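Please read the structure below before turning to the comments.
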Amino acid sequence: MTLVAEDDERRVESAVEQIKRESGGLRGELAADLDDSGSGVSATSEQLLKFHGVYAQDDRDQRRALASEGRDLAHIFMARVAIPGGVLTSEQWLTLDDLAVSMADGSIRLTTRQAVQFHGVMKSSLRDLTRALHARTMTTFGACGDVVRNTVMCPDLAWEAEGAGVELARDIASRFKPRTTSHLEIFVDGERAASVTDEHDFYGDTYLPRKFKVAVASHHENCVDVLAQDLGFVPVVHHEHGPGYSAFVGGGLGRSYAQSDTFARLADPLAFVTTSQVSDLIALVVRTYRDRGDRTNRRRARLKYVVADMGIEAFRREIASSWPTPLVAAVPVTFGPADDHLGWRERGEQFELGVRVGAGRVRDDGRGRLRSALAALASSLAVGFVITPQQDLVITHIEESQREDVERILSDHGVRAAGDLAPLERQALACPALPTCGQALAESERVLERVVAELQVVAENAGVGRRPLQLRMTGCPNGCARPAVAEIGIVGRTKSTYDVYVGGGPRGDRLARLYREKVRLDEVDVALAPLVAAWGRDALAGESFGDFVTRRDLA
Ligand code: SRM
Ligand code: SF4
């Protein structure tokens, strides 16, 4: 099928659009593909699998050896579990723990969107894994694909307002989950599922042009990077309409080196809405995106390009024209620096403890046995868990009498307390990259510890080793660990080099700027040393690194 663009140039819709349309409610040949004896799936099924929360990958560490032996790729699958607001019970955590060991690579990978990923899953285990999740009211369905993704929420909201924030995240998840029962049929229980193929009207038979991301920030800090979202909500009080949210639209961080008209973008203020209007606003924006998003070029299909191309005023007018009452202007917000949610915190009669995970990888290894420690806590105490947007974990609902037990269990397993970590390590993020991510150009998670250690030396030498400094690293410019808004963003450029960005900030309201291109990994610290030294020497009292390099125009 061809589409006629406004400039009358005939443009062809992308192949994925046809796959979606002809999939019969995201079914395609998936069931047969999962049943056959091969270790991979067809290219069409790979696309449909994403909607079911599963990515077909291969172990890239093995590629060269297998190719030299003339053998096929080492097919593995990544399964992402959507967890609204990152909130989990201890029973759910124990299920995740069990699945990590029995069906994946032994790790639970916490993501920057408060979800969980299993890596290294074999095709033959996918159905058992999704069934086990379903039994504990968790699902991979809609965690990936061209739909509204897992809603991110500041962990403080899980506690504040008696959990009203979690309810909002869960409502969004349930309203925007695709209606098709194909997931139940193919992955969970084919017998029980009544067949539904007609979709929500805001999705239609081709769903959205691309993914759509929603976040809810807290009113006092921006750990969710609300301006990096397609649609972000910040709690405010309107002088006339009372409590509600300021909505921001059109953020996104991914770029492509191959396509110069792609860029990172911060969201613009859209409107003020009350809590009961949040999901209607999402539906309206999603509908507008469904119709206006680019379905010919997936690299430029996100909502941010619609907003950038139309201009925020025109976009707002379009939304206002379908909103049942006059659209109320967003209440201006000032963000506080992002909280890392680590360490102890009092919550009413109870306590919670934020534990640094390190690139989100919960596992047992030479550095400590975090996975076993968390399993021990989940099985012996009635605690809860909240995954943070910084890939860390908050242990919640701890009684005063249990605090010592919690600390002992963690330290017995070699888990370091947040207070023992330098700020640089506390805040550092990295995406998974190699060996699982098919888009990785360079290492990220596996070299984060080294980069942090080298940069820590630079910071110590400059006398700023104990000052907050935000480092985020990714293996490519897709920006999964949100380096584009970090004080220091290190972004894979080639197999052995990185682009270094500086000048974002802990408030998440400014994009970082390119400082050095194609820097070798072992020279990243050298490249940054002059800036860190200048910060140590010339910064104003309390001035963050990002604010300093921006004020001094050093990037
Ligand atoms: Fe991401 C694609 C991992 C958050 C922008 N992302 C991928 C894939 C699925 C690779 C692929 O397409 O083959 C990665 C899986 C690799 C692996 O082996 O696990 C991947 N993204 C991640 C996670 C796990 C990073 C992490 O360290 O936690 C995060 C999972 C989030 C979740 O639970 O849903 C993750 N990705 C993000 C974010 C940050 C955010 O949403 O807050 C971004 C930047 C914000 C944005 O969307 O602009 C992000 N990921 C991308 C992009 C660029 C999209 C774009 O349109 O610009 C891709 C590439 C794509 O979609 O084709 C991508
Ligand atoms: Fe993969 Fe790039 Fe995302 Fe890292 S930033 S996980 S390398 S897509």
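Values below: all heavy atoms of this structure, side chains included; hydrogens, waters and symmetry mates excluded. In this text the structure is predicted, and so the values were computed from the model without any measurement. Ligands are counted one by one from 1 in listed order, and the atoms in each one are counted from 1 as well.
The backbone and the side chain of Ala440 each have at least one atom closer than 4.0 Å to an atom of ligand 2 (non-hydrogen atoms only). The proximity of Arg80 to ligand 1, defined as any non-hydrogen pair under 4.0 Å, is limited to the side chain.
Ligand 2 is approached by Gly479 to a heavy-atom distance shorter than 4.0 Å. The closest approach between a heavy atom of Gly479 and any atom of ligand 1 is below 4.0 Å. Ligand 1 does not have Gln114 within reach: every non-hydrogen atom of the residue lies 4.0 Å or more from it. Look at Lys211 and you'll find a heavy atom under 4.0 Å from some atom of ligand 1.
Residue-ligand proximity, Thr111 to ligand 1, at heavy-atom distances under 4.0 Å covers atoms 24 (C), 28 (O), 29 (C), 30 (C), 31 (C), 32 (C), 33 (O). Using a 4.0 Å cut-off to heavy atoms of Ala115, the atoms of ligand 1 that qualify are 33 (O). Residue-ligand proximity, Gly252 to ligand 1, at heavy-atom distances under 4.0 Å covers atoms 48 (O).
Annotation: atom 12 (O) of ligand 1 to nearest protein heavy atom, Gln439 NE2, 3.0 Å. Scanning all protein heavy atoms for the shortest distance to atom 60 (C) of ligand 1 gives Arg210 NH2, 3.4 Å. Closest protein heavy atom to atom 57 (O) of ligand 1: Gly254 CA, 3.2 Å. The protein heavy atom nearest to atom 40 (C) of ligand 1 is Arg113 NH1, 3.4 Å. Looking from atom 14 (C) of ligand 1 to the surrounding protein, the closest heavy atom is Cys437 SG, 4.2 Å.
In summary, no N, O or S atom of Cys476 is located under 2.8 Å from atom 4 (Fe) of ligand 2. Within the coordination shell of atom 1 (Fe) of ligand 1, defined by N, O or S atoms under 2.8 Å, Cys431 is absent.
Taking the six-membered ring where the residue is Trp, the centroids of Phe202 and Phe176 are separated by under 6.0 Å. Checked against the 6.0 Å centroid criterion, the rings of Phe51 and Tyr207 qualify as a close aromatic pair.
Between Arg371 and Ser107, the side chains place no donor N or O within less than 3.5 Å of an acceptor N or O (distance only, hydrogens not considered).
Between Asp261 and Arg255 there is no salt bridge, since no side-chain N of the basic residue sits under 4.0 Å from a carboxylate O of the acidic one.
No side-chain heavy atom of Gln470 sits less than 4.5 Å from a side-chain heavy atom of Pro423.
Counted within 6.0 Å of CD on Glu523, heavy atoms from surrounding residues, nucleotides or ligands total more than 12; the atom is thus considered enclosed.
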